[in-house]
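Taking it in order: structure first as structure tokens, then the write-up.
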Amino acid sequence: MEDKMEELKAKAEVLIEALPYIQRFNRRIIVVKYGGSAMLDEELKKNVIQDVTLLKLVGFKPIIVHGGGPEINRWVEKSGIKPEFVEGLRKTDEATMEIVEMVLGKVGKSLVSMVESLGVRAISISGKDGGLLHVHKKLVDGEDIGYVGEIDHVDPKILYDLLEKDFLPIVCPLGLDDEYHTYNINADDAACAIASAVNAEKLAFLTDIEGVRRDPDDPGTLISEMTVTEAAQLLDSGYVVGGMLPKLGNCIEAVHNGVSRVHILDGRLAHCLLLEIFTNKGIGTAILSDEEDKFYNE
């Protein structure tokens with residue numbers, strides 16, 4: 001009986017610790033970029049959707065932006081096409097573009113089903129809907145890699161309309177150019193642009209790493225919080241390598257464009273969103289504007 005009481009007290013303490021964060025971010029928009037391993041493992045996928053649904057139920061206004069890389073690769077290979085990448089971006093001819101659009105639509109609808117099963121209304125849209133994402137063809141070092149888009153403009157009206165009607169928007173990264181051709185967009189770029197356009201309080205990247213380290217080879221150097229100026233200095237230091245380079249660059253850009261806090265989280269960790277947002281220490285890396293107060297000092 002005593003053990004049971006201690007367990008109940010611990011649960012109460014967790015709820016009390018979460019209270020100031022719920023109060024602070026009530027009715028604020030949070031954009032969650034969902035990708036990586038958390039999209040492949042059904043249990044992790046369930047955890048992410050539970051997290052986002054809970055955020056909505058306690059007063060946040062979440063928007064999910066999702067990719068579909070591994071699933072797209074599987075279908076591209078099934079079609080007899082060899083996936084090709086240039087600097088991390090998928091070469092996208094017309095046939096590949098059809099597959100990309102099909103798979104992203106399928107992924108979006110599956111996420112809608114999971115959210116709806118938890119009692120929250122959700123709608124899956126693409127950046128083509130309502131003129132959300134307007135793009136032009138992206139060139140990589142002057143090379144044309146097909147239907148890959150660079151975002152020119154975000155019209156967030158459709159997102160505001162959905163949020164006002166109490167829907168949880170689930171967005172896949174497709175856009176239209178001036179001639180209304182469909183383009184594939186890097187999901188990180190889409191999440192960053194959307195978060196900036198809706199003046200999101202938070203942008204959370206679910207990744208396959210636990211956050212930003214001062215020393216890439218030392219897990220003990222994980223940085224819990226840093227200002228955008230500190231992040232830029234770290235980026236210039238040469239210590240940031242690999243896939244973290246563009247990720248950190250996206251974070252800095254988002255903060256400069258008005259997002260208050262950007263979080264880099266390990267999507268492989270169950271309920272990483274809740275742990276980061278509702279606990280004092282958090283479990284990933286938070287990057288904030290220079291004007292924002294840190295929640296704690298390292």
Side-chain angles (χ1 to χ4, degrees), residues 11 14-15 18 21-22 25-72 74 102-127 129 132 158-159 162-174 187-188 190-192 194-195 198 200-211 261-279 282-284:
K11 287 182 179 178
V14 169
L15 292 172
Y21 303 103
I22 294 173
F25 301 119
N26 187 261
R27 310 307 295 164
R28 303 293 180 87
I29 296 175
I30 175 172
V31 175
V32 178
K33 189 274 172 171
Y34 177 38
S37 297
M39 294 196 76
L40 300 176
D41 184 293
E42 286 302 314
E43 193 61 31
L44 287 176
K45 187 187 294 186
K46 181 181 175 183
N47 290 335
V48 170
I49 296 305
Q50 285 177 335
D51 285 6
V52 176
T53 303
L54 179 61
L55 290 175
K56 178 158 179 56
L57 291 172
V58 299
F60 286 69
K61 292 183 175 182
I63 298 168
I64 296 175
V65 179
H66 68 86
E71 185 77 356
I72 292 169
R74 190 165 71 86
M102 176 195 74
V103 172
L104 289 175
K106 178 175 177 288
V107 170
K109 295 304 181 186
S110 73
L111 296 179
V112 166
S113 297
M114 296 181 77
V115 172
E116 293 270 354
S117 73
L118 295 171
V120 168
R121 296 190 301 170
I123 288 185
S124 171
I125 64 172
S126 81
D129 295 309
L132 176 59
I158 188 171
L159 295 176
L162 291 173
L163 291 172
E164 185 182 341
K165 298 296 183 183
D166 206 31
F167 285 98
L168 195 164
I170 298 174
V171 184
C172 71
L174 300 174
D188 283 0
C192 182
I194 288 170
V198 298
E201 183 70 27
K202 290 176 177 287
L203 166 60
F205 288 100
L206 301 188
T207 69
D208 288 342
I209 51 176
E210 73 272 30
R261 287 176 181 265
V262 183
H263 302 261
I264 298 176
L265 307 175
D266 189 345
R268 300 167 298 181
L269 180 65
H271 301 299
C272 61
L273 265 173
L274 299 186
L275 291 169
E276 173 68 8
I277 292 173
F278 290 146
T279 61
I283 50 94

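- The two atoms that bring A270 and L275 nearest to each other are O-CD1, 3.9 Å, heavy atoms only.
- Rounded to the nearest 0.5 Å, atoms CG (L159) and CD1 (I194) are 6.0 Å apart.
- The CE atom of M114 lies 16.0 Å from the NZ atom of K109; values are rounded to the nearest 0.5 Å.
- Evaluated for a side-chain contact (heavy atoms from CB on, under 4.5 Å) with I170, the options L162, V115, I49 yield exactly one hit, V115.
- Sorted by first and then second residue, the side-chain hydrogen bond (donor to acceptor under 3.5 Å, both in side chains) pairs involving residues 116-126 (not counting sequence neighbours) form an empty list.
- Remark: H66 engages no residue in a side-chain hydrogen bond (donor to acceptor under 3.5 Å, both in side chains) (not counting sequence neighbours).
- Distance check: T207 OG1 to H263 NE2 gives 13.0 Å after rounding to the nearest 0.5 Å.
- Shown are T53, L57, V52; of these, the side-chain contact (heavy atoms from CB on, under 4.5 Å) with L118 is made only by T53.
- Annotation: side chain to side chain contact (heavy atoms under 4.5 Å, CB included) contacts of E164 (sequence neighbours excluded): none.
- Residue pairs meeting the side-chain hydrogen bond (donor to acceptor under 3.5 Å, both in side chains) criterion with at least one member in residues 54-63, sequence neighbours excluded: K56-D166.
- Taking each heavy atom of G267 and L44 in turn, the nearest pair found is O-CD2, 3.8 Å.
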Inset, instruction - Walk me through it: do L273 and L54 pass the test side-chain contact (heavy atoms from CB on, under 4.5 Å)? - result: CA-CA 10 Å; L273 265 173; L54 179 61; over 6 Å; no

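- We find the SG-CG distance between C272 and D51 to be 6.5 Å, quoted to the nearest 0.5 Å.
- Contact record, P173 with L104: CD-CD1, 4.1 Å, taken as the closest heavy-atom pair.
- V171 and G127 get closest at one heavy-atom pair: CG1-N, 4.3 Å.
- Atom CG of L55 is separated from atom NZ of K202 by 9.5 Å, given to the nearest 0.5 angstrom.
- Applying the ring pair (Phe, Tyr, Trp, His ring centres under 6.0 Å) criterion to F60, with sequence neighbours excluded, gives F278.
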For a quick test of your reading: what N or O donor-acceptor pairs under 3.5 Å do the side chains of residues 28-36 make, sequence neighbours left out?
unit_1 : atom_1 : unit_2 : atom_2 : d
R28    : NH1    : E201   : OE1    : 2.7
K33    : NZ     : D188   : OD1    : 3.2
Y34    : OH     : A38    : O      : 2.8

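- For the atom pair R261 CZ and L203 CG, the distance stands at 13.5 Å (nearest 0.5 Å).
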